[in-house]
K.L.:
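Dropping a structure here in structure tokens format, bear with me for questions.
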Amino acid sequence: MPELPEVESIRRFLSSSGFMTQKVETLLVHHERSFRNESGSELEGAAFTSITRKGKKLFIHLDDGRVLVVHFSMSGTFSLTSSPGPDDIHDRVIFTAGDLRLAFHDPRRFGTIILTDDDSLIRGRLGIDALSSTLSKETLAFLLGEKKRAIKSVLLDQSIISGLGNIYVDEILWAAGIHPLIQASEVPLPSLYLLHSQMRRILMASISLGGTSLGDGESNYHAGGVRGGYYPYLKVFDRDSERCERCSSVIGKIRVAQRGTHYCPSCQPFT
DNA sequence: AGTGGCCCCTGGCGGC
DNA sequence: TGCCGCCAGGGGCCAC
């Protein structure tokens with residue numbers, strides 16, 4: 001499930017690939033719900049110019065001002081191969097340009113690509129990016145401090161802070177010693193400041209390793225078939241019933257905001 | 001403002 | 001070994 005570090009890894013991969021300087025020659029949509037053209041004209045003939053990211057979404061900019069907005073959701077990723085090539089049964093949308101073939105691979109079909117004239121509405125619905133240089137610890141404390149929901153639920157809310165998903169929220173809360181069910185407005189200021197620094201540290205560390213790949217399923221491969229290397233560094237996620245490396249307590253698993261939630265009952269007390 | 005439920009979908013896993 | 005049934009999970013939407 002691509003979160004900020006995985007999407008950023010895909011962005012960097014695509015940015016440095018030959019695809020970003022190409023003119024799209026063909027667009028093939030195998031699954032209608034995966035691709036929506038909200039712009040006035042066809043994609044073919046437009047050229048890619050650059051690729052940016054906000055939260056978990058990618059914005060592929062075209063030379064005519066339009067934008068392809070990519071949301072990977074649960075199981076989406078890109079695979080870049082040579083063209084022509086065989087289509088995998090889970091390739092939902094395929095772009096070709098020159099001798100390259102970029103496939104939006106999405107087994108569970110939750111992901112979407114939208115072609116739009118104006119991405120400002122989509123961008124506007126997203127809260128500030130979790131790694132934005134303008135997200136100071138004071139701003140973060142302000143954004144969280146007024147919310148009366150469980151801190152985990154607030155961190156998962158993409159309209160407040162964008163980019164965090166289930167894996168990294170669990171990791172960040174463990175690193176900051178905050179129980180996932182504590183009301184955001186009740187978290188002490190020093191803890192919120194610690195949350196801020198740990199969030200940046202963890203996200204950047206994961207990006208440097210290409211993100212997290214779970215298990216060995218194909219859906220967890222990133223663009224180009226490269227697996228992220230952060231999984232061994234996860235402290236609580238997917239480690240319920242193992243020992244906490246800080247205090248040796250048994251890591252617990254509960255449900256918060258309809259999500260499986262991993263935490264250390266000793267390092268993250270509910271007070 | 002916040003919560004809870006439903007839905008989308010299917011690979012993977014537990015149970016037998 | 002094989003089959004069946006269940007479930008995770010991001011996010012949009014809706015009811016309360």
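Chain A is the first sequence line, chain B the second, and so forth, proteins listed ahead of strands; every chain is numbered from 1. All heavy atoms count here, side chains included; hydrogens, waters and symmetry mates do not.
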K.L.:
Parallel, tilted or perpendicular for A:F19 and A:F48, by the 30°/60° rule?
P.N.:
tilted
K.L.:
Whether A:D170 and A:R259 form a salt bridge (side-chain N of Lys/Arg under 4.0 Å from carboxylate O of Asp/Glu) is what I want to check.
P.N.:
no
K.L.:
Which heavy-atom pair separates A:P5 from A:L203 by the least distance, and what is that distance?
P.N.:
CG-CD2, 3.7 Å
K.L.:
Round to the nearest Å and state the distance from A:Q183 atom CD to B:dA1 atom P.
P.N.:
15 Å
K.L.:
Looking only at the side chains, is there a donor atom on one of A:T212 and A:Y168 sitting less than 3.5 Å from an acceptor on the other?
P.N.:
yes
K.L.:
Rounded to the nearest angstrom, tell me the gap between atom CD in A:E146 and atom C1' in B:dA1.
P.N.:
11 Å
K.L.:
Measure CG/A:D106 against C1'/B:dT10 and give the value in whole Å, please.
P.N.:
10 Å
K.L.:
Closer than 4.0 Å, any side-chain N/O of A:H90 to the OP1 or OP2 of B:dT10?
P.N.:
no
K.L.:
For A:K148 and A:R92, find the nucleotide of DNA chain B closest to each by heavy atoms; which residue's nucleotide sits nearer the 5' end?
P.N.:
A:K148
K.L.:
Just by distance, with hydrogens left out, do A:D157 and A:S159 show a side-chain donor and acceptor under 3.5 Å apart?
P.N.:
yes
K.L.:
Please tabulate, one pair per line, each protein N/O and nucleotide N/O from nucleotides 14-16 of chain C that are separated by under 3.5 Å, including the distance.
P.N.:
none

K.L.:
Looking at A:D91 and A:R101, is there a salt bridge between them, counting it only when a charged N and a carboxylate O are closer than 4.0 Å?
P.N.:
yes
K.L.:
So A:L62 and A:L115, side-chain contact (heavy atoms from CB on, under 4.5 Å) or not? Walk me through it.
P.N.:
CA-CA 10 Å; A:L62 303 171; A:L115 175 57; 3.7 Å; yes
K.L.:
Among A:E242, A:E245, A:E171, exactly one meets salt bridge (Lys or Arg N to Asp or Glu O under 4.0 Å) together with A:K235. Which residue is that?
P.N.:
A:E245
K.L.:
Calculate the interatomic distance between A:L144 atom CG and B:dG2 atom P; express it in whole Å.
P.N.:
12 Å
K.L.:
For A:L181 and B:dG2, what is the distance between atoms CG and C1' respectively, to the nearest whole Å?
P.N.:
15 Å
K.L.:
Any side-chain to backbone donor/acceptor pair from A:K147 onto A:A184? Under 3.5 Å, distance only.
P.N.:
no
K.L.:
B:dA1 C1' sits how many Å from A:L143 CG, rounded?
P.N.:
16 Å
K.L.:
Where along nucleotides 4-11 of chain C does protein come under 4.0 Å, by heavy atom, of base (B) or sugar-phosphate alone (S), with - for untouched nucleotides?
P.N.:
----BBBB
